[in-house]
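Lettering follows sequence order; numbering is per chain, from 1. The analysis underlying the following values was restricted to heavy atoms, covering all of them including side chains, and did not include hydrogens, waters or symmetry mates.
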There are 2 protein chains.
Amino acid sequence: MKARQESLEQSLARHGVKPTPQRLEIAALMLREPCHLSADQVMAQLREAGSGVSKATVYNTLHLFSSQGLLREIAVDPSRLFYDSTTTPHHHIYNEDTGELVDVLPDELEVSRLPQLPAGTDAHCLEVVIRVRNQRK
Amino acid sequence: MKARQESLEQSLARHGVKPTPQRLEIAALMLREPCHLSADQVMAQLREAGSGVSKATVYNTLHLFSSQGLLREIAVDPSRLFYDSTTTPHHHIYNEDTGELVDVLPDELEVSRLPQLPAGTDAHCLEVVIRVRNQRK
DNA sequence: GGGTAGAATAGACTCTGTCTAAACTCGGAC
DNA sequence: GTCCGAGTTTAGACAGAGTCTATTCTACCC
């Protein structure tokens with residue numbers, strides 16, 4: 001546990017994030033293993049674990065982590081933002097019936113041609129979402 | 001104007017939508033020419049044109065149109081849903097700084113390999129979004 | 001110890017979207 | 001013409017995600 005904590009601290013520090021107790025709690029939850037969580041799911045898990053971290057801090061921290069490259073935001077469900085702990089390029093399958101989000105590894109999907117970008121803009125991220133639904137009987 | 005109205009009516013009818021005055025107003029706005037609008041933008045334009053269509057009707061109508069294939073929903077901005085009047089397969093460039101949404105024609109972007117879908121699911125839609133930002137000086 | 005900058009907090013607030021219950025519309029039956 | 005009923009529209013209440021603000025807390029530096 002100590003080692004895990006220390007490596008999380010190092011990981012925050014490496015991304016220029018000062019490790020506070022609240023940030024470490026959230027990091028422990030999001031960065032321990034690959035996951036896709038929305039802010040309210042993070043809140044719920046913190047509450048369940050008996051933590052008293054406030055809503056504003058959760059939002060601030062998730063934003064901070066995203067801007068520092070520790071997390072990636074995924075706009076797949078218009079009603080809420082998901083945070084993805086995998087920050088290397090990859091894509092997603094989104095089940096519209098269950099809300100489940102599955103990673104697609106980069107070698108499973110290939111985008112072979114790209115359009116010209118509008119003048120004065122830089123590409124920031126390429127996001128491919130395959131929307132699926134449960135099969136109807 | 002008369003001809004335009006009639007063709008909108010036909011277009012609604014062809015998609016199994018009973019043409020009411022409110023639906024025709026919204027159709028005139030969304031289907032006249034290719035556009036990307038959010039529900040509140042539709043509301044604002046209706047208000048500006050002096051229409052008194054209610055919020056609930058705007059949401060109901062946009063949902064109805066989407067479910068009947070007259071419009072397509074685009075989840076590109078987590079804070080609101082956009083409706084796209086182009087329903088044929090195509091992709092988008094989204095400017096995160098300005099909120100501007102630009103169409104990418106199917107021959108400008110090619111997805112050449114696709115992953116296996118989870119068992120029990122059917123693909124419903126493939127959405128590619130290229131997120132761009134204005135160039136920093 | 002005092003000062004200060006950054007971080008955390010509660011709670012009010014905004015905004016998008018949904019729900020509900022009532023009113024309206026319009027076609028068909030009588 | 002009147003009645004009825006299904007579908008549509010409406011206002012306003014409501015819900016949920018996310019933001020803002022003003023205050024409090026913490027930690028570090030002098």
Can you check nucleotides 4-8 of chain D for protein contacts, nitrogen or oxygen pairs under 3.5 Å, and list what you find?
from, atom 1, to, atom 2, distance (Å)
D/dT8, OP1, B/Arg23, NH1, 3.3
D/dT8, OP1, B/Arg23, NH2, 3.4

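- Taking CG of A/Asp84 as the start and CG of A/Leu71 as the end, the distance is 8.0 Å to the nearest 0.5 Å.
- Counting heavy atoms from C-beta outward, A/Leu37 and A/Leu29 have side chains that approach closer than 4.5 Å.
- With hydrogens and angles left out, the side-chain atoms of B/His124 and A/Glu96 include a donor and acceptor closer than 3.5 Å.
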Report the C-alpha distance between B/His36 and B/Asp103 in whole Å, list the side-chain angles of each, state the deciding distance to 0.1 Å, and finish with yes or no for side-chain hydrogen bond (donor to acceptor under 3.5 Å, both in side chains).
CA-CA 9 Å; B/His36 306 101; B/Asp103 280 333; 2.9 Å; yes

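- One atom, NZ of B/Lys55, and another, C1' of C/dC19, lie 11 Å apart when rounded to the nearest Å.
- Going from atom CZ of A/Arg14 over to atom CG of A/Leu70 covers 8.5 Å, rounded to the nearest 0.5 Å.
- The shortest distance between the side-chain N/O atoms of B/Tyr59 and the OP1/OP2 oxygens of C/dG17 is below 4.0 Å.
- Going from atom CZ of B/Arg80 over to atom C1' of C/dC15 covers 11 Å, rounded to whole Å.
- With A/Glu127 contributing its side chain and B/Val129 its backbone, the two residues share no donor-acceptor pair below 3.5 Å.
- One interatomic measurement links the two molecules: CG of A/Asn60 to P of D/dT19, which rounds to 9 Å at whole-angstrom precision.
- Distances shorter than 4.0 Å separate none of the side-chain N or O atoms of A/His63 from OP1 or OP2 on D/dG18.
- Looking at residues 67-74 of chain B, you'll see that no heavy atom sits under 4.0 Å from any atom of DNA chain D.
- Between A/Leu81 atom CG and D/dG16 atom P the separation is 18 Å, expressed in whole Å.
- Summarising the geometry, atom CG belonging to A/Leu64 is positioned 8.5 Å from atom CG belonging to A/Asn60; distances are rounded to the nearest 0.5 Å.
- Across all strands, B/Ser79 comes closer than 4.0 Å only to sugar-phosphate atoms, never to a base (heavy-atom distances).
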Check nucleotides 24-27 of chain C for protein N or O atoms closer than 3.5 Å to its own N or O atoms and list the pairs.
none

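- Of the residues in residues 39-50 of chain A, A/Ala39, A/Asp40 come within less than 4.0 Å of DNA chain D through at least one heavy atom, sorted by number.
- Taking CD1 of A/Ile26 as the reference point, atom OG1 of A/Thr57 lies at 7.0 Å (rounded to 0.5 Å).
- Within the 4.5 Å cutoff, side-chain heavy atoms of A/Leu109 are placed close to those of A/His91.
- Listed by first then second residue, pairs satisfying salt bridge (charged side-chain N to carboxylate O under 4.0 Å, His left out) with a partner in residues 39-49 of chain A read A/Asp40-A/Arg80, not counting sequence neighbours.
- Grouping the Ile, Leu, Val, Met, Phe, Trp and Tyr side chains by contacts below 4.5 angstrom, directly or via other members, places B/Ile93 with A/Val128.
- Without hydrogens or angle criteria, B/Ser85 side chain to B/Cys35 main chain gives a donor-acceptor distance under 3.5 Å.
- By the side chain to side chain contact (heavy atoms under 4.5 Å, CB included) test, A/Leu105 is found to be paired with A/Asp107, A/Glu108, residues two or more places apart in sequence or in another chain being considered.
- The shortest distance between the side-chain N/O atoms of A/Thr57 and the OP1/OP2 oxygens of C/dA8 is not below 4.0 Å.
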